[in-house]
Amino acid sequence: MLQVEGLGVRYGALVALEEVSWQVGAGELLGIIGPNGAGKSSCYDAVTAMTPRSGRVRLAGEDITALPPDALAGKGLKRAFQQNAFFHELTVMDNMLAVMHGTAGSSLSMATFAPWRAEARRRAALGTAAATLERFGVGAEFHDRLPTAIPYGTQRMLSVALAYGEGARALLLDEPGAGLGGTDMERLVQLLHALKRDGLALVVIEHHMDLIMAVADRIVVLDQGRCIADGTPREIQQNPAVLEAYLGRTQ
């Protein structure tokens, strides 16, 4: 579903990413791990055209390398950032409606000359938005609150829901487990498994090793901007180069 070939990123003389390649299929979760400064976030910036880069990016076989960042969501490539991202002054429900502009919005002519259609469209959008929020673990009791007034774990789930929006083919998540533990982490694991079952291609940067080992089908390991390993969780756990670079020890 998503394939990157030879990605390279340079900031002046600093090489942040060099000849990085990987791919992820529908219904598959690819984990990306590595020590701080390994190039993980630069990799996401490169894939989503948010930084100048070399290499190619393909989505479902289509070359999307030349597309600007604002055109990628329409193709089905979505991204959630490391920090929670939402409109702080809007309720949780209105946040969800805001990212559903394709189905929730109405034109000026519709609102003026056919207000009943605009209202019917909004009612349908409210139902879809509520169902999406519930699917992502944001219960109805939170829909009328501001995002900053709901528990942190639910804020993390909301950020993922907003990135997904009206749907995605490939979804990139940057440390979705940051700050989570206990029940919140279990909810995240269940959500990731459910999204895989629905056929979504997932790419997850994560520092929580227990989480990534539990949900990933394959893992890519970056170190100093280069890919040093690519394999199943078991293969990665037993890879001497990974143990030395990432865990600071060898077998």
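Only heavy atoms go into these numbers, but all of them, side chains included; no hydrogens, no water, no symmetry mates.
For the atom pair CD of E89 and CG of D94, the computed distance is 10.0 Å after rounding to the nearest 0.5 Å. Here the CG atom belonging to L192 is positioned 10.5 Å from the CZ atom belonging to R197, to the nearest 0.5 angstrom. Interatomic distance, L77 CG to L172 CG, rounded to the nearest 0.5 Å: 6.0 Å. Within the model, atoms CG of L72 and CG of D70 stand 8.0 Å from one another, a figure rounded to the nearest 0.5 Å. M96 contributes atom CE, which lies 13.5 Å from atom CZ of F86 (distance to the nearest 0.5 angstrom).
A cation-pi arrangement is present between R135 and Y164 under the rule of less than 6.0 angstrom and at most 45 degrees off the ring axis.
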Under 3.5 Å, sequence neighbours excluded: what are the donor-acceptor pairs made by side chains of residues 145-154?
{"from": "R145", "atom 1": "NE", "to": "E141", "atom 2": "O", "distance (Å)": "3.4"}
{"from": "Y152", "atom 1": "OH", "to": "A178", "atom 2": "O", "distance (Å)": "2.9"}

Side chain to side chain contact (heavy atoms under 4.5 Å, CB included) for L158 and F136? Distances and angles first, verdict last. CA-CA 7 Å; L158 173 61; F136 281 81; over 6 Å; no
Begin from the C-alpha positions of R218 and E28 and carry the test salt bridge (Lys or Arg N to Asp or Glu O under 4.0 Å) through to its verdict. CA-CA 8 Å; R218 290 184 303 106; E28 183 180 27; 2.9 Å; yes
Hey, mind stepping through V4 and R58 against side chain to side chain contact (heavy atoms under 4.5 Å, CB included) and telling me if it holds? CA-CA 6 Å; V4 302; R58 291 182 173 83; over 6 Å; no
Begin from the C-alpha positions of W22 and C227 and carry the test side chain to side chain contact (heavy atoms under 4.5 Å, CB included) through to its verdict. CA-CA 9 Å; W22 46 258; C227 179; over 6 Å; no
Dump the intermediate steps for side chain to side chain contact (heavy atoms under 4.5 Å, CB included) on V92 and V138, then the final yes or no. CA-CA 9 Å; V92 167; V138 184; 3.9 Å; yes
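In the model, T91 has no side-chain atom that pairs as donor or acceptor with a side-chain atom of D144 under 3.5 Å. Side-chain contact check for Q3 and E5: at least one donor-acceptor pair (N or O, by modelled atom type) lies under 3.5 Å.
For the pair L243 and N239, the minimum side-chain heavy-atom distance is 4.5 Å or more. Contact check for H207 versus N36: side-chain heavy atoms found under the 4.5 Å cut-off. Using a 4.5 Å heavy-atom cutoff, the side chains of P176 and V204 are in contact. A 4.5 Å side-chain heavy-atom check between V160 and L173 finds at least one atom pair inside the cut-off. Looking at M213 and I236, their side chains come closer than 4.5 Å, going by heavy atoms from C-beta outward. Side-chain atoms of I219 and L30, non-hydrogen and from C-beta on, never get closer than 4.5 Å to each other.
A donor-acceptor pair is defined here as one N or O able to donate and one able to accept, closer than 3.5 Å; such a pair exists between the side chain of E206 and the backbone of H208. Side-chain N or O atoms of R169 include one that pairs as donor or acceptor with a backbone N or O of K75 at under 3.5 Å. Checked by atom type and distance alone, the side chain of R156 never pairs as donor or acceptor with a backbone atom of L180 at under 3.5 Å. Without hydrogens or angle criteria, E235 side chain to T232 main chain gives a donor-acceptor distance under 3.5 Å. Looking only at distances, no side-chain donor or acceptor of T48 sits under 3.5 Å from a matching main-chain atom of P69.
The two residues A170 and M1 come nearest to each other via the heavy atoms CB-CG, 4.4 Å. For G39 against L17, the heavy-atom pair with the smallest separation is O-CD1, 3.4 Å.
A salt bridge is defined here as a Lys NZ or Arg NE, NH1 or NH2 lying under 4.0 Å from an Asp or Glu carboxylate O, and D45 with R79 meets this definition. The residues D217 and K196 are annotated as salt-bridged, a charged nitrogen and a carboxylate oxygen being separated by less than 4.0 angstrom.
The ring-ring contact (aromatic ring centres under 6.0 Å, His included) search around F142 returns none, not counting sequence neighbours.
Sorted by first then second residue, the salt bridge (Lys or Arg N to Asp or Glu O under 4.0 Å) pairs that include residues 10-26, not counting sequence neighbours, are E18-R226.
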